Amino acid sequence: MTSLPVHRHARSRLSAATAISACVVLTFAIAGCGDGKKTAHGSDNSPISTSRRAATSPIPTLSRAVAPAATAGGLCKKLSYEEIKRQLGLDFSIAALNSSKAGDTAIETCTVRATDRPLPDLALTFAPGKLDAKAFDEQFEPKGSQPVTGLGKDAYSIVRDAQSGSGPVSEVGWFDDNGSYTLVATQPSGASKKTADAAAGRLVALGKKLK
C-alpha cells in the first residue's frame, strides 16, 4: 500500500490539537489535587481557611453568674465582693439590705455572705448624723476597744467572744461628715480568736476602700 504523504500544515494542526488536549488534562489534574478539599456540605476544611474562620468568629459573651452586691441597693452599693475577697480572703455571693430605726434615726445594714453557708458573714451598718470625736467616743465606742488611725475622723476596733451558734466577732467603727459606720465580721462556730484578731486588721483596710 502506498503511504500518503503528510503535509506540513497537517502535522501542525495535529501538534496543536495534542497540545490543547494536554493542557485540558493538566488543568483538571491541578483542580483535583488542591489542598483545600470540600466536604459533603461544600465547606473548606483547609488549615488556612479554618484558622481564618477562628480568627474572625465572634467571642461569646458569658453572663455573670453572681450579681454584684450593689444590686441590693442602698448601703450595699458601697460593698464589692471582689474587694472583700481581696481584703478578707472570703468568697461572698449574697447581699441583703435591712432598714431600721433608732428613735428618729434611720439605720441601714447591708449583710453579705456565701450561698452555701451562713457564716462567716460581714455586715456594714450606717447611721446618719453629725458627730464629733467626743460624741462618737461616748455613744459608739465600746469599752475595751482599741483606737484605729487613718480611718474616718476617729475609729476603733474590737474583737468580741464567740456567741452561741457562731464564732468570735471582729468589729471596726468610725465616723465621717455623713455619720457613723461599723463593719462586723462574724466567724463560724469553732473559729479561733486569732482568726478574729487578724480579721479586725483586715476590716480596717476594707473600711478605707469604701466609697
Side-chain angles (χ1 to χ4, degrees), residues 63-129 131 136 139-146 148 150-211:
S63 60
R64 186 186 176 98
V66 178
T71 58
L75 194 61
C76 291
K77 293 179 181 179
K78 289 184 172 291
L79 292 176
S80 157
Y81 295 136
E82 291 78 12
E83 194 63 44
I84 292 171
K85 172 69 173 179
R86 190 176 297 115
Q87 301 297 337
L88 303 182
L90 298 173
D91 288 306
F92 290 148
S93 52
I94 297 177
L97 182 68
N98 181 63
S99 299
S100 59
K101 275 197 170 185
D104 294 330
T105 303
I107 300 173
E108 277 193 342
T109 299
C110 179
T111 303
V112 294
R113 65 174 180 85
T115 56
D116 57 347
R117 58 192 184 279
L119 294 175
D121 69 9
L122 176 71
L124 172 64
T125 300
F126 171 69
L131 294 169
F136 181 72
Q139 299 177 31
F140 292 94
E141 289 190 19
K143 292 182 179 180
S145 62
Q146 301 297 317
V148 171
L151 181 58
K153 292 188 172 183
D154 194 11
Y156 70 86
S157 71
I158 189 171
V159 175
R160 305 181 190 276
D161 293 335
Q163 303 294 319
S164 177
S166 68
V169 176
S170 310
E171 179 181 325
V172 171
W174 70 96
F175 81 95
D176 60 17
D177 291 334
N178 298 314
S180 63
Y181 297 84
T182 59
L183 265 175
V184 179
T186 303
Q187 301 296 328
S189 180
S192 67
K193 189 173 182 297
K194 183 178 180 180
T195 299
D197 287 336
R202 294 169 184 161
L203 287 178
V204 174
L206 178 60
K208 293 178 180 179
K209 295 292 183 178
L210 300 184
K211 303 298 184 183

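Bear in mind that the values here come from a model prediction, so they are computed numbers and not experimental data. Throughout, residue positions are numbered sequentially from 1 according to the sequence presented.
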>> If you define the side chain from C-beta out and look only at heavy atoms, does anything of L122 sit under 4.5 Å from L90?
In response: no
> Mind checking what makes salt bridge (charged side-chain N to carboxylate O under 4.0 Å, His left out) contact with K208, not counting sequence neighbours?
Replying inline: none
> Considering all heavy atoms of both residues, which atom of P68 and which atom of T71 are nearest to each other, and what is their separation?
Replying inline: O-OG1, 2.7 Å
Result block: side-chain N/O donor-acceptor pairs under 3.5 angstrom for residues 174-184, not counting sequence neighbours:
residue, atom, partner, partner atom, Å
D176, OD1, N178, N, 2.8
D176, OD1, G179, N, 3.2
D177, OD1, K153, NZ, 2.4

Considering only distance and modelled atom types, tabulate donor-acceptor pairs under 3.5 Å from the side chains of residues 101-108, sequence neighbours left out.
residue, atom, partner, partner atom, Å
E108, OE1, L75, N, 3.2

>> I need the full list of ring-ring contact (aromatic ring centres under 6.0 Å, His included) pairs touching residues 185-211, with sequence neighbours left out, sorted by first then second residue.
In response: none
>> Let me confirm one number: the CD-OG distance from Q87 to S80, rounded to the nearest 0.5 Å.
In response: 10.0 Å
> Is there a side-chain contact between T111 and N98 (heavy atoms, below 4.5 Å)?
Replying inline: no
> Of all heavy-atom pairs between A196 and V159, which one has the smallest distance, and what is that distance?
Replying inline: CB-CG1, 3.6 Å
> What's the shortest heavy-atom distance between D121 and P118, and which atoms?
Replying inline: CB-O, 3.8 Å
>> Run the side-chain hydrogen bond (donor to acceptor under 3.5 Å, both in side chains) test against Q146 and tell me which residues pass, sequence neighbours left out.
In response: none
> Is there any disulfide (SG to SG under 2.5 Å) pair reaching into residues 152-191, and which pairs are they, with sequence neighbours excluded?
Replying inline: none
> Atom OG1 of T186 and atom CZ of R113: how far apart are they, to the nearest 0.5 Å?
Replying inline: 12.5 Å
Please report, to 0.1 Å, the donor-acceptor pairs under 3.5 Å made by any side chain of residues 160-169, with sequence neighbours excluded.
residue, atom, partner, partner atom, Å
R160, NE, E171, OE1, 3.1
R160, NH2, E171, OE1, 2.8
Q163, NE2, D161, O, 3.3

> Under the side-chain contact (heavy atoms from CB on, under 4.5 Å) test, which residues partner S145, sequence neighbours left out?
Replying inline: E141, P142, Y156, I158
> Under the salt bridge (charged side-chain N to carboxylate O under 4.0 Å, His left out) test, which residues partner K85, sequence neighbours left out?
Replying inline: D91
>> Enumerate the disulfide (SG to SG under 2.5 Å) contacts for residues 156-211, please, sequence neighbours excluded, ordered by first and then second residue.
In response: none
>> Once side-chain contact (heavy atoms from CB on, under 4.5 Å) is applied, do any residues pair with S189, and if so which ones, sequence neighbours excluded?
In response: none
>> Please report the interatomic distance CD1(I94) to OG1(T115), rounded to the nearest 0.5 Å.
In response: 5.5 Å
>> When you compare the side chain of C76 with that of L79, does any pair of heavy atoms fall below 4.5 Å?
In response: no
> Measuring from D154:CG to L131:CG, what's the distance to the nearest 0.5 Å?
Replying inline: 10.0 Å
> Nearest 0.5 Å, what's the CG-OG distance between D197 and S170?
Replying inline: 7.0 Å
> In Å, rounded to the nearest 0.5 Å, how long is the span from CD of E83 to NZ of K209?
Replying inline: 5.5 Å
> Shortest non-hydrogen contact from P188 to L119?
Replying inline: CA-CB, 3.8 Å
> Is there side-chain contact between T109 and L124, with at least one heavy-atom pair below 4.5 Å?
Replying inline: no
>> With disulfide (SG to SG under 2.5 Å) as the rule and sequence neighbours excluded, what pairs involving residues 157-211 come up?
In response: none
